[in-house]
> 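Would you mind keeping the following structure in view while I ask a few things?
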2 protein chains.
Amino acid sequence: MGTTGDVGTDMRSQLVAAAVSLLAEEGPGVIQARRLAREVGASTMAVYHYFGGMPQLLTAVREEGFRRLDARLSEVAITDDPVTDIGRLGLAYRQVAWENPHLYDLMFGLSTPGGYRPEAHAPPAESDGSSSQRAYTHLVDAAARAIRAGRVREQDPDSVAAQFWSVLHGYVTLELSGHLDQLDGLNQVLIPMGINHLVGLGDAPEDATNSLERINTANAES
Amino acid sequence: MGTTGDVGTDMRSQLVAAAVSLLAEEGPGVIQARRLAREVGASTMAVYHYFGGMPQLLTAVREEGFRRLDARLSEVAITDDPVTDIGRLGLAYRQVAWENPHLYDLMFGLSTPGGYRPEAHAPPAESDGSSSQRAYTHLVDAAARAIRAGRVREQDPDSVAAQFWSVLHGYVTLELSGHLDQLDGLNQVLIPMGINHLVGLGDAPEDATNSLERINTANAES
DNA sequence: CGCATTATATAACCTTGTTATGATACGTTG
DNA sequence: CAACGTATCATAACAAGGTTATATAATGCG
């Protein structure tokens with residue numbers, strides 16, 4: 001543990017947790033060394049002792065965000081309808097983003113609250129590759145199941161998953177930034193877009209519609 | 001003039017232009033009142049005299065970004081194949097984002113380089129609504145043409161355009177943030193995703209494929 | 001126990017947004 | 001034309017926040 005996904009009660013985890021909470025409650029403007037330290041009852045030195053500086057702390061916050069996303073996607077049950085599963089993954093993904101929009105923004109944005117970068121231009125395949133990759137894996141697995149079930153044409157599941165992710169991420173960020181305010185986002189954009197995409201991937205229109213209509217039912221087996 | 005879209009040579013335009021250039025060349029970390037002022041040979045007071053502060057200046061930079069996006073999308077010709085037009089709009093959109101990723105991030109991100117917000121939580125329908133809406137209109141028009149041509153099922157063009165935008169924006173941001181580095185983004189994600197989406201919208205698979213294969217040809221009429 | 005390492009606190013330093021104040025340029029007006 | 005007011009710009013000071021230096025406690029270990 002420690003390097004794994006548990007929360008922990010040490011100073012590192014406390015600071016990250018405080019940053020996550022403050023992001024949700026007061027926005028990125030209050031993510032400051034002094035504020036975080038005060039929040040956990042320590043001095044600013046804690047930030048430098050445990051992280052090295054604010055950029056590294058923000059990197060840790062970003063990784064925590066991906067861990068939480070992964071945890072939430074892990075809760076989505078695997079049923080005998082992989083297309084319904086995909087829809088539920090999408091809903092869960094959207095929900096995570098809405099619960100802490102600024103955390104989501106930090107996870108995927110190029111800039112950071114302080115103006116510095118989260119760790120240099122290093123490809124995400126290194127630092128947060130493992131965490132963001134884990135969340136991504138849920139989509140790959142679901143895509144693979146849909147292909148095995150004959151709902152999606154035979155092809156590389158990675159490519160399909162990347163398409164799902166693009167659609168989801170694009171919708172979520174546009175919705176969060178208010179660019180879709182004139183529409184009923186869920187029913188006029190996300191759901192039809194999901195159906196359209198699935199039909200293009202090979203699913204029958206009625207099947208895709210029926211499967212996605214089930215996404216709001218209890219998240220139980222079969 | 002002034003309130004319209006021309007570049008201009010006054011101090012306001014110079015500061016915005018400097019910010020846009022610096023974003024592209026050195027990233028969001030150097031978007032500072034002192035640096036911008038030095039860049040245009042003025043004192044920091046220029047920022048406050050012409051904008052009121054850094055948040056308002058960043059709002060102006062964001063609007064300039066949308067103006068440039070609109071200008072680039074306006075250059076995409078309207079041909080007799082609306083699906084090809086949509087593909088070319090997508091390519092142009094992606095190109096604009098790649099030419100200045102940090103500007104694109106500023107336009108759509110929730111955070112800003114300095115940690116402050118670009119103008120409060122005001123819905124984008126007010127300040128940059130006009131500029132971002134203008135760029136969005138290109139997609140709505142193309143969607144309407146595709147519907148009129150029978151390539152897309154009869155439906156609300158706004159909904160279709162929002163779907164295109166989500167797909168595009170999601171793909172572009174994931175690509176920019178390096179999350180699609182293991183794939184050939186264009187050929188494994190964007191193009192097939194576009195075809196899948198169009199097929200789901202009602203286009204015939206061969207027609208969608210053929211139309212999107214034309215997007216790289218000269219951007220001329222017919 | 002003695003010592004090295006870790007952990008924490010205090011204070012100072014530097015950069016940056018901002019404000020206060022003053023000087024200059026320029027158009028307007030009596 | 002001269003005086004005035006406004007717009008423009010520069011300088012300097014202030015405040016907030018990241019960072020560093022340094023000192024002090026706590027902890028582990030031989």
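Sequence lines set the chain letters: A, B, ... in the order given, protein chains first and strands last, and positions in each chain run from 1.
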> Starting at atom CD of B:Q56, determine the distance to atom C1' of C:dT18, rounded to an integer number of angstrom.
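Those two atoms, CD and C1', are 12 Å apart.
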> Could you state the atom-to-atom distance from CD1 of B:I31 to C1' of C:dT16 in whole Å?
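Atom CD1 in B:I31 sits about 14 Å away from atom C1' in C:dT16.
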> Answer with yes or no whether the side chains of A:N196 and B:Q163 bring together a donor and an acceptor at under 3.5 Å.
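Result is yes, a qualifying pair exists.
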> Between B:H169 and A:H179, is there a side-chain heavy-atom distance shorter than 4.5 Å?
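The answer is no; the side chains never approach within 4.5 Å.
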> Rounded to whole Å, how long is the line connecting atom CG of A:L36 with atom C1' of D:dG18?
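About 12 Å, once rounded to whole Å.
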> Rounded off to whole Å, could you give me the CE-to-P distance for the A:M54 and D:dT20 pair?
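Going from A:M54 (CE) to D:dT20 (P), I get 13 Å.
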> Do A:R67 and A:R134 come within less than 4.5 Å of each other through their side chains, counting heavy atoms only?
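Sidechains of A:R134 and A:R67: in contact.
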> Would you say A:Y136 and A:F164 make side-chain contact, with heavy atoms under 4.5 Å?
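Heavy-atom side-chain distance check fails, nothing below 4.5 Å.
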> Taking the side chain of B:P55 as its heavy atoms from C-beta onward, which of C:dT18, D:dG18, C:dT16 lies nearest to it?
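Given the options C:dT18, D:dG18, C:dT16, the side chain of B:P55 is closest to C:dT18.
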> Would you kindly say whether A:R88 and A:T217 are connected by a side-chain donor-acceptor distance under 3.5 Å?
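On atom types as modelled, these side chains qualify, holding a pair under 3.5 Å.
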> So does A:E99 pair up with A:R68, basic N to acidic O under 4.0 Å?
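No, no charged N to carboxylate O under 4.0 Å.
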> Take atom CZ of A:R35 and atom P of D:dG18, then tell me their distance rounded to the nearest Å.
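These atoms are roughly 12 Å apart.
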> Round to a whole Å and report the spacing from CZ of A:R38 to P of D:dA16.
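Whole-Å distance recorded here is 12 Å.
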> Pull out every protein N or O sitting under 3.5 Å from an N or O of nucleotides 3-12 of chain C, one pair per line with the distance.
| from | atom 1 | to | atom 2 | distance (Å) |
| --- | --- | --- | --- | --- |
| C:dA7 | OP2 | A:H49 | NE2 | 2.7 |
| C:dA7 | O5' | A:H49 | NE2 | 3.4 |
| C:dT8 | OP2 | A:Y50 | OH | 2.5 |
| C:dA9 | OP2 | A:S43 | N | 2.7 |

